[in-house]
Amino acid sequence: MEYVVWGGTALTVLGFFGIIYTMIAVRRAKNAGLSDEELRAQIGRILPINLGALFASTIGLMAVVIGVWLS
């Protein structure tokens with residue numbers, strides 16, 4: 001079960017860095033002075049990355065809990 005815990009930890013960290021990346025990307029897009037349409041398009045491209053990172057971190061945390069619980 002140690003592998004499940006460490007794999008879940010790695011997945012959680014990867015998801016966390018993805019969330020940080022999307023926060024920085026959205027902040028840059030807002031500060032770029034884009035028009036409303038361009039800003040919506042930029043955020044629309046970032047949204048799937050954000051959702052994927054959130055999913056990865058959630059699955060990673062679930063794996064850590066299951067690994068600890070089964071140990």
Once rounded to the nearest 0.5 Å, what's the spacing between atom CD1 of Ile43 and atom NZ of Lys30?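 These two atoms lie 6.0 Å from each other.
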
Value for CZ (Arg40) from OG (Ser35), rounded to nearest 0.5 Å, stands at 10.5 Å

Residues passing the side chain to side chain contact (heavy atoms under 4.5 Å, CB included) test with Leu61, sequence neighbours excluded, are Thr12

If I compare all heavy atoms of [X] with all of [Y], which pair ends up nearest, and what's the gap?
X     : Y     : answer
Pro48 : Gly44 : CD-O, 3.2 Å
Ile46 : Ala25 : CD1-CB, 3.6 Å
Ser71 : Met1  : OG-CB, 3.4 Å
Ser57 : Ile19 : OG-CD1, 4.1 Å
Ala56 : Gly15 : CB-CA, 4.2 Å

Applying a strict under-4.5 Å side-chain criterion to I, L, V, M, F, W and Y, I'd like to know whether [X] and [Y] cluster together.
X     : Y     : value
Leu14 : Leu54 : no
Phe16 : Ile24 : yes
Val68 : Leu70 : no
Val5  : Tyr3  : no
Val4  : Trp6  : no

**Item:** pair Ile59-Met62: side-chain heavy atoms closer than 4.5 Å
**Value:** yes

